[in-house]
**Student:** 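This is the structure, below, for whatever I ask next.
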Amino acid sequence: MAVTRFAPSPTGYLHIGGARTALFDLLWARKTGGKFILRIEDTDQSRNSPTAAEQVMNDLKWLGINWDAGPFYQSQRREIYDKYIAQLLNDGKAYYCFDTPDELGAIRAECERAKKNFIYARPENFPAEADVEAARAQGRPVVVRFCMPTGEIVVEDTIRGQVKFDCANLSDFIIQKNDGFPTYHLACVIDDELMGIDCVIRGQEHLMNTPLHIALQNALGFKRPAYAHISVTVSEGGGKMSKRDRAKVLKAAIKANPEIDLEKLIEVGGLTNDKLKRFLKGKEVPDNPQVDAMAKFLGIELPEINIVDFLKSGYLPETLVNFIALLGYSPGGDKEIMTLDEIIESFDPSRFNKTNSLFDRKKLLSFNTEHIKMLDAETLLGRYKDYLAVADSPAKGADDALLGRIVKSCDGARTLAEIDKKSRFLFCDNEEIEYDEKSVKKVLLKNDGEGLAMLALLKAGLNQLAEVTNESVEKMLRDLAEEKQLGLGKIAQPLRVAICGSTVSIPIFEAIDLLGLEKTIERIEAAIKKFSS
RNA sequence: GGCCCCAUCGUCUAGGUAGGCCUAGGACACCGGGUUUUCAACCCGGCAACAGGGGUUCAAAUCCCCUUGGGGCUACCA
């Protein structure tokens with residue numbers, strides 16, 4: 001019966017790394033019949049966006065990562081932290097400091113020059129409350145630092161075994177900031193104790209924080225939870241997969257192309273000239289919506305990083321959960337495609353591996369294909385509608401019966417976006433069809449317009465049909481192929497381009513049936529007219 | 001720079017905690033072939049790895065050390 005938690009800081013959308021951490025914490029809680037708690041670590045006033053926590057929760061829900069308690073907001077628990085800070089101060093285990101950022105920076109620079117770790121020089125006599133007021137009066141910042149003990153701290157990590165730290169390398173660290181908020185370390189340790197967290201599964205980037213947390217727990221007389229530091233997910237360029245990766249790709253694209261109309265880009269992105277300059281110089285990163293808008297304007301694809309990015313690209317939540325669970329973890333055996341329940345059932349935290357892993361998008365695509373195949377029709381339709389809602393598709397709002405038939409006609413599809421792409425032509429007016437240049441050339445114009453000639457034959461054939469049914473249309477096409485001694489492709493492809501504008505669509509007979517004979521003939525005529533000159 | 005983590009096919013990984021069952025298994029990708037009304041799906045076949053160097057041992061992918069290479073942290077961010 002493990003009690004675990006996911007403790008994101010609400011600085012933006014939930015991204016892959018966070019989702020993976022959340023998933024493993026959920027897995028362990030479910031496997032043991034325990035509890036999974038959501039805690040929002042919003043102790044940084046400057047970095048919190050008001051909607052971010054909401055977004056993170058939406059993304060978790062979409063993935064099916066549901067929490068049993070919370071969300072608890074640390075910003076609403078100030079008195080609790082204050083109480084413990086006072087206690088530490090009282091016990092002489094923490095002390096006030098009044099250094100300015102500049103002073104601190106100078107000490108750091110000096111340490112670097114001496115090739116040493118930064119260690120804050122603890123004063124012999126700690127400042128008294130009266131000194132605090134004096135410092136404030138002088139306009140100096142007031143923070144509280146924790147006294148690191150001496151000796152060695154050994155972290156018992158479920159994944160990595162014993163990891164030893166010499167406290168001589170660890171500095172007294174800040175537990176309360178100038179604005180009165182606790183730092184992450186303090187709030188995290190207190191909440192883990194108060195919320196009864198007994199197992200902390202988190203990213204390896206926290207391994208170095210763990211001795212600090214243990215020191216705090218010891219000073220406060222808290223229990224020590226079990227720790228498991230999971231490997232980091234890295235992206236193609238090397239380095240931890242980060243939200244900044246999308247901006248990075250955008251920046252590279254802008255720099256690589258001097259032809260870009262920067263004025264227009266600024267307008268589309270909704271930022272200022274100065275901000276764009278700072279972005280290109282690597283000094284500032286625009287917001288997500290701004291990055292997206294600029295990418296769309298430039299017609300470039302950004303790598304999916306945030307969970308919503310994957311939704312927008314047509315991935316299933318089932319896919320993400322399955323794929324993420326197999327990054328740095330393996331249940332053993334050859335089975336890879338699994339549902340959340342199967343993953344929970346087979347979950348064994350001793351089977352984590354220590355190596356960082358690369359996020360392989362091709363394999364993700366393949367997982368998506370498998371999961372699309374696995375879903376029952378009703379669930380898949382629901383997922384498709386969720387996708388359409390965010391995809392800016394003309395198919396949005398179409399009735400379930402139609403959408404259901406479309407989805408069914410696309411079995412074998414790799415993403416939901418692919419289904420939309422193959423069937424959009426059904427939702428356009430005839431005049432709105434965009435003819436893909438390459439497709440037109442290849443199947444209509446090539447070989448002296450043999451495709452166009454075929455269209456004429458098709459039109460005549462369709463007009464002569466005594467009775468128009470799916471069967472009669474199909475028979476006509478097949479008879480025509482036989483008569484001309486051609487594969488069906490020679491007939492279907494020109495027809496496809498005429499009615500959908502490209503060589504890729506849902507199966508041709510389904511396409512005609514769904515479009516209707518009237519529009520089909522109209523589009524054939526329009527195509528003949530348009531490309532005959 | 002300091003501290004810490006890691007190292008099996010191109011990628012995700014099995015095997016490593018009880019060394020011989022590993023002439024190293026699976027999946028994705030890739031290559032070749034088949035099927036086909038497009039794309040996809042599907043079927044058959046193929047390529048491909050224990051980072052390097054020392055030990056320990058009758059025996060090492062598995063244990064130890066070093067080198068090299070990757071990664072993380074190094075904030076009044078979390």
Side-chain angles (χ1 to χ4, degrees), chain A residues 7-11 41-44 46-47 97 99 101 104 108 111-119 141-145 155 157 159-161 163-166 169-171 173-179 181 183-185 187-188 203-211 229 231-232 234 236 238-240 323 326-337 350-351 353-367 369 372-373 410-415 418 421-422 439 443 474 477-478 481 487-493 495-497 500 502-509 511:
Chain A
S9 67
T11 52
E41 308 219 319
D42 55 351
T43 53
D44 184 348
S46 61
R47 298 206 325 161
C97 295
D99 311 271
L104 251 16
R108 277 212 180 77
C111 287
E112 203 159 316
R113 225 170 298 130
K115 301 190 177 208
K116 278 198 302 206
N117 220 358
F118 169 79
I119 306 281
V142 176
V143 303
V144 177
R145 273 182 200 269
V155 177
D157 189 278
I159 299 172
R160 278 151 229 281
V163 185
K164 295 173 184 169
F165 296 88
D166 184 347
N169 294 319
L170 272 13
S171 173
F173 58 95
I174 294 174
I175 55 176
Q176 186 175 45
K177 312 183 222 183
N178 185 40
D179 65 5
F181 275 81
T183 58
Y184 155 71
H185 301 297
C188 170
Q204 193 217 259
E205 61 267 26
H206 286 292
L207 186 52
M208 289 298 288
N209 293 151
T210 311
H229 289 92
S231 64
V232 165
V234 299
E236 282 86 349
K240 191 167 70 166
F323 190 72
L326 261 26
L327 247 30
Y329 170 80
S330 162
D334 290 341
K335 191 173 162 73
E336 287 196 314
I337 302 298
S350 76
R351 295 193 55 89
N353 61 257
K354 305 169 189 168
T355 17
N356 289 167
S357 43
L358 188 111
F359 192 83
D360 182 352
R361 291 160 196 286
K362 292 219 174 119
K363 184 152 183 167
L364 177 74
L365 234 201
S366 155
F367 269 48
T369 311
I372 287 178
K373 267 185 231 160
C410 288
D411 69 273
R414 317 209 76 186
T415 67
E418 191 181 313
K421 210 175 197 174
K422 283 173 157 183
S439 302
V443 306
E474 179 163 350
L477 289 182
R478 290 196 188 277
L488 228 203
K490 284 286 181 192
I491 295 167
Q493 283 304 76
L495 180 54
R496 196 187 302 279
V497 172
C500 0
S502 104
T503 50
V504 177
S505 80
I506 57 172
I508 194 68
F509 300 120

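All chains are named by letter (A, B, ...) in the order of the sequence lines, taking the proteins before the strands, and each is independently numbered beginning at 1.
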**Student:** If A61(B) has a Watson-Crick or G-U wobble mate with both distances under 3.5 Å, name it; if not, just say none.
**Tutor:**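 None - no nucleotide pairs with A61(B), as no candidate has both distances under 3.5 Å.
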**Student:** Is there a donor-acceptor pair under 3.5 Å between the side chain of Arg496(A) and the backbone N or O of Pro507(A)?
**Tutor:**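 No: the side chain of Arg496(A) does not pair with the backbone of Pro507(A).
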**Student:** So which one's nearest nucleotide on RNA chain B is more toward 5', Lys354(A) or Thr503(A)?
**Tutor:** Lys354(A)
**Student:** Over all strands shown, is Lys421(A) touching base, sugar-phosphate only, or nothing at heavy-atom distances under 4.0 angstrom?
**Tutor:**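 Nothing, no heavy atom under 4.0 Å.
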**Student:** Is any side-chain N or O of Arg108(A) closer than 4.0 Å to OP1 or OP2 of C76(B)?
**Tutor:**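 Yes, within the criterion.
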**Student:** Indicate, with a heavy-atom threshold strictly under 4.0 Å, whether Arg496(A) touches base, sugar-phosphate, or nothing.
**Tutor:**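 The residue Arg496(A) makes base contact.
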**Student:** Could you state the CG-P distance from Asn169(A) to C73(B), rounded to the nearest angstrom?
**Tutor:** 18 Å
**Student:** Nearest heavy-atom pair of Ser231(A) and Gly328(A): which atoms, and what distance?
**Tutor:** OG-CA, 3.8 Å
**Student:** Identify whether any heavy atom of Ile508(A) sits under 4.0 Å from a base atom; if not, whether one sits that close to sugar-phosphate; answer base, sugar-phosphate or nothing.
**Tutor:**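 If one applies the 4.0 Å heavy-atom cut-off, Ile508(A) turns out to touch a base.
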**Student:** Measure from CG on Leu358(A) to P on A7(B) and round the result to the nearest Å.
**Tutor:**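 Computing the Leu358(A):CG to A7(B):P distance gives 16 Å.
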**Student:** Between U37(B), C76(B), C28(B), spot the one nearest the side chain of Ser366(A), thanks.
**Tutor:**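 Minimum distance to the Ser366(A) side chain belongs to C28(B).
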**Student:** Write down the partner of A40(B) under the Watson-Crick or G-U wobble criteria, each distance required to be under 3.5 Å.
**Tutor:**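 A40(B) is unpaired by these criteria.
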**Student:** What distance, rounded to whole Å, do you find between the two P atoms, one in C31(B) and one in C58(B)?
**Tutor:** 49 Å
**Student:** Can you tell me the Watson-Crick or wobble partner of G1(B), both distances under 3.5 angstrom?
**Tutor:** U74(B)
**Student:** Select one nucleotide: of U13(B), C3(B), A78(B), the one nearest the side-chain heavy atoms of Phe165(A).
**Tutor:** C3(B)
**Student:** Hey, does the side chain of Lys240(A) come within less than 4.0 Å of C73(B)'s phosphate (OP1/OP2), counting only N and O?
**Tutor:**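 Yes.
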**Student:** If you draw a 6.0 Å radius around CD in Glu112(A), do more than 12 non-hydrogen atoms from other residues or ligands fall strictly inside?
**Tutor:**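 No, the 6.0 Å shell around CD holds no more than 12 heavy atoms from other groups.
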**Student:** Is the closest side-chain heavy-atom distance between Cys111(A) and Ile119(A) below 4.5 Å?
**Tutor:** no
**Student:** Using OP1 and OP2 only, check whether a side-chain N or O of Thr43(A) sits under 4.0 Å from A78(B).
**Tutor:** yes
**Student:** Under 4.0 Å between any heavy atoms, over every strand shown, what does Gly239(A) touch: base, sugar-phosphate, or nothing? Just pick one.
**Tutor:** sugar-phosphate
**Student:** Distance check, P atoms only: A14(B) and A27(B), in whole angstrom units.
**Tutor:** 15 Å
**Student:** Using the C1' atom on both, measure U23(B) against C50(B) and round to a whole Å.
**Tutor:**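 U23(B) and C50(B) have their C1' atoms separated by 14 Å.
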**Student:** Using Watson-Crick or G-U wobble geometry with both distances below 3.5 Å, tell me the partner of U17(B), or none.
**Tutor:** none
**Student:** Assuming nearest nucleotide by heavy-atom distance, tell me which of Asp44(A) and Ser505(A) is located more 5' along RNA chain B.
**Tutor:** Ser505(A)
**Student:** From CG of Asp166(A) over to P of G2(B), roughly how many Å is that when rounded to an integer?
**Tutor:** 15 Å
**Student:** Taking CD1 from Ile337(A) and P from A27(B), how many angstroms apart are they, rounded to a whole number?
**Tutor:**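 Computing the Ile337(A):CD1 to A27(B):P distance gives 11 Å.
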**Student:** To the side chain of Lys115(A), which of U37(B), U11(B), G1(B) is closest?
**Tutor:**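 Looking only at side-chain atoms, Lys115(A) lies closest to G1(B).
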**Student:** Quick check on A78(B): is either OP1 or OP2 less than 4.0 Å from any side-chain nitrogen or oxygen of Lys177(A)?
**Tutor:**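 So the side chain of Lys177(A) is within the cut-off, an N or O lying under 4.0 Å from OP1 or OP2 of A78(B).
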**Student:** Does any nucleotide pair with U23(B) by Watson-Crick or G-U wobble geometry, both distances under 3.5 Å, and what is it?
**Tutor:**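 Paired with no nucleotide.
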**Student:** Between U37(B), C12(B), C76(B), which nucleotide gets closest to the side-chain atoms of Pro507(A)?
**Tutor:** U37(B)
**Student:** Salt bridge check: are Glu418(A) and Lys422(A) linked by an N-O gap of less than 4.0 Å?
**Tutor:** yes
**Student:** Among the nucleotides C6(B), A78(B), A40(B), which one has an atom lying closest to any side-chain atom of Asn209(A)?
**Tutor:**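 The listed nucleotide nearest to Asn209(A)'s side chain is A78(B).
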**Student:** What integer number of Å spans the C1' atoms of A61(B) and G19(B)?
**Tutor:** 10 Å
**Student:** Could you tell me how far A51(B) sits from C9(B) if I compare only their C1' atoms? Round to whole Å.
**Tutor:** 13 Å
**Student:** Taking the side chain of Leu327(A) as its heavy atoms from C-beta onward, which of U37(B), A27(B), C12(B) lies nearest to it?
**Tutor:** C12(B)
**Student:** Figure out the NE2/C1' separation between His185(A) and C77(B), and round it to whole Å.
**Tutor:** 9 Å
**Student:** Of all the choices, C28(B), G72(B), U37(B), which nucleotide is nearest to the side chain of Met208(A) once you look at every atom?
**Tutor:**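 Given the options C28(B), G72(B), U37(B), the side chain of Met208(A) is closest to G72(B).
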**Student:** Looking only at atom P, what distance separates U17(B) and A7(B), rounded to whole Å?
**Tutor:**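 Their P atoms lie roughly 14 Å apart.
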**Student:** Provide, to the nearest angstrom, the distance between the CG atom belonging to Asp99(A) and the P atom belonging to A75(B).
**Tutor:**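 So the CG-P distance, Asp99(A) to A75(B), works out to 14 Å.
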**Student:** If only side-chain N and O atoms of Arg351(A) are considered, is one of them under 4.0 Å from the OP1 or OP2 phosphate oxygen of G15(B)?
**Tutor:**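 Yes.
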**Student:** Taking C-beta and beyond as the side chain, do Val163(A) and His229(A) meet within less than 4.5 Å on heavy atoms?
**Tutor:**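 Of all side-chain heavy-atom pairs linking His229(A) with Val163(A), none is under 4.5 Å.
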**Student:** Using a 6.0 Å cut-off, check whether atom NZ of Lys177(A) has over 12 heavy atoms from anything other than its own residue.
**Tutor:**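 Result for NZ/Lys177(A): enclosed.
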**Student:** Rounded to whole angstrom, note down the C1' distance from C21(B) over to G10(B).
**Tutor:** 29 Å
**Student:** What contact category does Gly328(A) fall into here, base, sugar-phosphate, or nothing, at under 4.0 angstrom with non-hydrogen atoms?
**Tutor:**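 The residue Gly328(A) makes sugar-phosphate contact but no base contact.
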**Student:** Could you tell me the Watson-Crick or G-U partner of U68(B), where both distances fall under 3.5 Å? Say none if there is no partner.
**Tutor:**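 Because both required distances fall under 3.5 Å, U68(B) counts as paired with A7(B).
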**Student:** Does Val143(A) reach a base, just sugar-phosphate, or nothing at all? Heavy atoms under 4.0 Å.
**Tutor:** base
**Student:** Between His206(A) and Tyr184(A), how do the two ring planes meet: parallel, tilted or perpendicular, split at 30° and 60°?
**Tutor:**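 The arrangement is tilted - the two ring planes meet at 30° to 60°.
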**Student:** I need the CG-P distance between Asn356(A) and A7(B), as an integer number of Å.
**Tutor:** 10 Å
**Student:** Hunt down the Watson-Crick or G-U wobble partner of C30(B), both distances under 3.5 Å, from any strand shown, or write none.
**Tutor:**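 Base partner found: G46(B).
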**Student:** Taking only N and O in the side chain of Lys362(A), is any of them less than 4.0 Å away from OP1 or OP2 of G10(B)?
**Tutor:**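 Checking G10(B) against Lys362(A), no side-chain N or O comes under 4.0 Å of OP1 or OP2.
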**Student:** Among the nucleotides C76(B), G10(B), U38(B), which one has an atom lying closest to any side-chain atom of Asp360(A)?
**Tutor:** G10(B)
**Student:** Looking only at heavy atoms, which two atoms of Asn178(A) and Val142(A) are closest? And how far apart?
**Tutor:** OD1-N, 2.9 Å
**Student:** State which of A78(B), C73(B), A29(B) makes the closest approach to the side chain of Arg414(A).
**Tutor:**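 Ranking A78(B), C73(B), A29(B) by closest atom to the Arg414(A) side chain puts A29(B) first.
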**Student:** Any base atoms under 4.0 Å from Phe323(A), or only sugar-phosphate, or nothing? Heavy atoms, all strands.
**Tutor:**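 Touches nothing.
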**Student:** Using only heavy-atom distances, decide whether a donor-acceptor pair under 3.5 angstrom links the side-chain of Glu112(A) to the base of G2(B).
**Tutor:** no
**Student:** For Ser9(A) versus Arg47(A), what's the shortest heavy-atom pair and its separation?
**Tutor:** OG-NH2, 4.4 Å
**Student:** What is the distance, rounded to the nearest whole Å, between atom NE2 of His229(A) and atom P of C3(B)?
**Tutor:**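 Rounded to the whole Å, the gap is 20 Å.
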**Student:** Would the base of A27(B) count as contacting Lys363(A) through its side chain, where contact means a donor and an acceptor less than 3.5 Å apart?
**Tutor:**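 By the distance-only test, yes, there is a pair.
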**Student:** Return the nearest nucleotide to the side chain of Asp334(A); candidates are C5(B), C76(B), G26(B).
**Tutor:**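 Of C5(B), C76(B), G26(B), G26(B) is nearest to the side chain of Asp334(A).
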**Student:** Considering only atom P, compute the distance from U13(B) to U8(B) and round it to an integer number of Å.
**Tutor:**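 Rounded to whole Å, the distance is 9 Å.
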